[in-house]
Amino acid sequence: MSAAGDFGARLLDWFDRHGRHDLPWQQEISVYRVWVSEIMLQQTQVVTVIPYYQRFMARFPDVTSLARAPIDEVLHHWSGLGYYARARHLHRAARQVVEQHQGRFPETLEDLEALPGIGRSTAAAILSIACGQRHAILDGNVKRVLARHRGVEGWPGTTAVSRRLWALAEAMTPTARVADYTQAIMDLGATVCTRGRPTCGVCPVASDCVAHATDRQSLLPTPRPRREQPLRSTVMLIIRGPDGVLLERRPPTGLWGGLWGFPEVPSTGEAEPWCRRHLGTEAHEVHALAPFVHVFTHFRLHITPVRLWVKDPAASVMEAPGRVWYKPEARSELGLAAPVARLLDHIVHEDGEINGSHGELRLPG
DNA sequence: AAACCGGGGCA
DNA sequence: TGCCCAGGTTT
């Protein structure tokens with residue numbers, strides 16, 4: 001018997017007895033529902049995704065409703081999940097499906113991969129789970145399972161290691177019950193063959209696992225080489241006017257692309273000139289609040305909030321496109337960057353206090 | 001505090 | 001083709 005065949009059989013047997021079969025995207029299976037779940041699951045774990053997924057599906061039950069929705073509403077439903085480029089890709093892909101495929105998803109690897117945000121692994125996952133087509137997938141869970149089971153050395157980010165893992169993934173994928181197998185190997189990676197403390201005692205393929213035999217679970221897959229993080233800094237202007245706090249839409253790409261945030265300037269001294277130049281009015285009660293650091297994987301962002309008031313911004317300024325006067329206590333449907341949401345929450349809290357005269361900003365962490 | 005992650009974009 | 005990028009969550 002071939003190693004691949006036996007591997008798949010043991011995995012399927014384990015899946016039947018211990019796998020998850022009641023997840024929201026495992027019900028009423030369709031390409032659309034599986035697609036949305038796969039995109040969400042690329043960046044976030046199952047328990048976190050579930051409530052987002054249910055809200056998303058309630059609001060956008062099919063590809064047509066998603067395509068018709070304004071991007072702001074899509075981003076709002078994504079707010080907090082991170083990687084907002086994926087929400088924008090999702091939205092663009094929905095429009096392409098409606099406009100170029102008459103609202104029906106293509107069911108070939110090539111055509112699916114042509115949609116924004118769908119690459120080789122995601123296309124394969126969608127077609128195997130939703131359509132039962134035999135395609136290998138290679139997401140983070142599968143990379144971990146295969147690198148350990150076959151003892152593949154080297155960081156999977158290199159093309160050589162990636163090619164080897166793809167070849168293994170192809171070889172292991174069975175010809176029958178492909179949808180269940182795809183779910184099974186992802187489930188195994190998520191619940192048994194975990195990054196930190198794999199529970200090899202309950203693993204159906206531990207008996208011939210190279211990492212298990214040589215006690216190298218913590219060394220495989222080989223982690224990415226480390227780089228040091230640069231520190232960037234910015235000043236966020238918390239501009240309060242008669243109708244709320246001024247937010248601007250960020251550029252569509254880059255950091256927090258398409259989300260709403262405070263106007264930013266390079267240094268605190270630029271706050272008042274900014275108000276004159278962009279709002280045509282004077283700033284009052286300008287206070288720098290306590291700076292804090294927002295940490296990303298690739299850099300750290302040093303944020304100095306500056307709070308100020310404007311009394312009489314011109315009407316043209318009030319109604320400028322890409323600009324909104326936001327009422328923090330009346331949560332409207334806008335996608336907000338995480339530190340922006342925190343600062344807005346802080347404003348609500350501060351306003352609730354009798355004496356808000358202190359200029360200190362205290363944030364957890 | 002470090003690591004994670006699938007695809008897009010660009011040299 | 002081989003980097004670099006994003007960003008809340010987990011460990």
Side-chain angles (χ1 to χ4, degrees), chain A residues 34-52 75 78-93 96 109 112-126 135-145 147 154-163 165-166 169 182 186 189-191 193-199 217-232 234 250-259 261 292-301 303 335-342 363-365:
Chain A
V34 172
W35 169 54
V36 173
S37 76
E38 285 299 319
I39 302 297
M40 287 186 172
L41 289 166
Q42 281 173 11
Q43 65 204 27
T44 312
Q45 295 200 338
V46 167
V47 284
T48 312
V49 161
I50 289 172
Y52 279 92
L75 286 170
W78 208 266
S79 195
L81 272 176
Y83 280 108
Y84 302 99
R86 290 180 187 170
R88 292 194 304 276
H89 289 150
L90 204 73
H91 190 235
R92 276 178 50 212
Q96 279 190 30
L109 267 192
L112 264 190
E113 278 187 67
L115 296 172
I118 301 181
R120 180 177 175 184
S121 186
T122 303
I126 292 169
H135 300 292
I137 65 157
L138 192 64
D139 72 354
N141 288 318
V142 178
K143 283 176 191 165
R144 191 167 52 249
V145 170
W155 177 50
T158 65
T159 44
V161 176
S162 175
R163 260 204 289 271
L165 290 172
W166 270 111
T182 298
M186 290 193 295
T191 63
C193 194
T194 55
R195 185 161 64 93
R197 283 193 185 79
T199 48
Q217 295 92 323
S218 65
L219 300 177
L220 295 173
T222 308
R224 143 190 227 119
R226 288 197 35 211
R227 298 200 318 267
E228 72 168 277
Q229 301 174 334
L231 180 67
R232 298 189 210 163
T234 189
R250 301 179 59 87
T253 58
L255 190 66
W256 297 317
L259 298 187
F292 61 98
V293 175
H294 190 80
V295 182
F296 298 94
T297 294
H298 310 285
F299 65 95
R300 295 173 329 142
L301 186 62
I303 299 171
L336 301 173
V340 173
R342 277 168 62 185
L363 288 165

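In what follows, every chain begins at residue 1, and chains take the letters A, B, ... in the order their sequences are listed.
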Whether the side chain of A:Ser121 engages the backbone of A:Leu138 through a donor-acceptor N/O pair (distance < 3.5 Å, no angle test) should be reported. yes

Please check: side-chain N/O of A:Ser79 versus main-chain N/O of A:Gly335, any donor-acceptor pairing under 3.5 Å? no

Remember a base hit wins even if backbone is also touched, and classify A:Leu255 as base, sugar-phosphate or nothing at under 4.0 Å, heavy atoms. sugar-phosphate

Using a heavy-atom cut-off of 4.0 Å across all strands, would you classify A:Thr44 as base, sugar-phosphate, or nothing? nothing

Backbone N/O of A:Met40 and side chain of A:Tyr83: donor-acceptor pair under 3.5 Å: no

Take A:Gly257 and A:Arg197, find for each the nucleotide of DNA chain C with the closest heavy atom, and name the residue whose nucleotide sits nearer the 5' end. A:Gly257

Describe the nucleic acid contact of A:Ala85 in one word from base, sugar-phosphate, nothing, applying a heavy-atom distance below 4.0 Å. nothing

Pair A:Arg88, A:Trp78 - check side chain to side chain contact (heavy atoms under 4.5 Å, CB included), show working. CA-CA 10 Å; A:Arg88 292 194 304 276; A:Trp78 208 266; over 6 Å; no

For a quick check, with a 4.0 angstrom heavy-atom cut-off, what is the B/S/- contact string for nucleotides 5-11 of chain B, read 5' to 3'? BBSS---

Pairwise P distance for B:dA11 and C:dA6, with rounding to whole Å: 16 Å

Remember a base hit wins even if backbone is also touched, and classify A:Gly80 as base, sugar-phosphate or nothing at under 4.0 Å, heavy atoms. sugar-phosphate

Please assess A:Val142 against A:Asp139 for the test side chain to side chain contact (heavy atoms under 4.5 Å, CB included), listing each intermediate value before the final yes or no. CA-CA 5 Å; A:Val142 178; A:Asp139 72 354; 3.2 Å; yes

Which two nucleotides bound the region of DNA chain C that has atoms under 4.0 Å from heavy atoms of chain A, read 5' to 3'? C:dG2 to C:dT10

Spell out, as yes or no, whether a donor-acceptor pair under 3.5 Å connects the side chain of A:Gln43 to the backbone of A:Gly82. yes

So, A:His294 versus A:Phe296, ring centres under 6.0 angstrom or not? yes

Working for side chain to side chain contact (heavy atoms under 4.5 Å, CB included), residues A:Leu259 and A:Leu336: CA-CA 5 Å; A:Leu259 298 187; A:Leu336 301 173; over 6 Å; no

Using a 4.0 Å heavy-atom cut-off, does A:Thr48 contact any base of the nucleic acid, only the sugar-phosphate backbone, or nothing at all? sugar-phosphate

Value for CD1 (A:Ile126) from CD1 (A:Ile39), rounded to nearest 0.5 Å, stands at 6.0 Å

Identify whether any heavy atom of A:Tyr52 sits under 4.0 Å from a base atom; if not, whether one sits that close to sugar-phosphate; answer base, sugar-phosphate or nothing. nothing

For A:Leu259 and A:Gly196, take the nucleotide of DNA chain C holding the closest heavy atom to each; which residue's nucleotide lies nearer the 5' end? A:Leu259

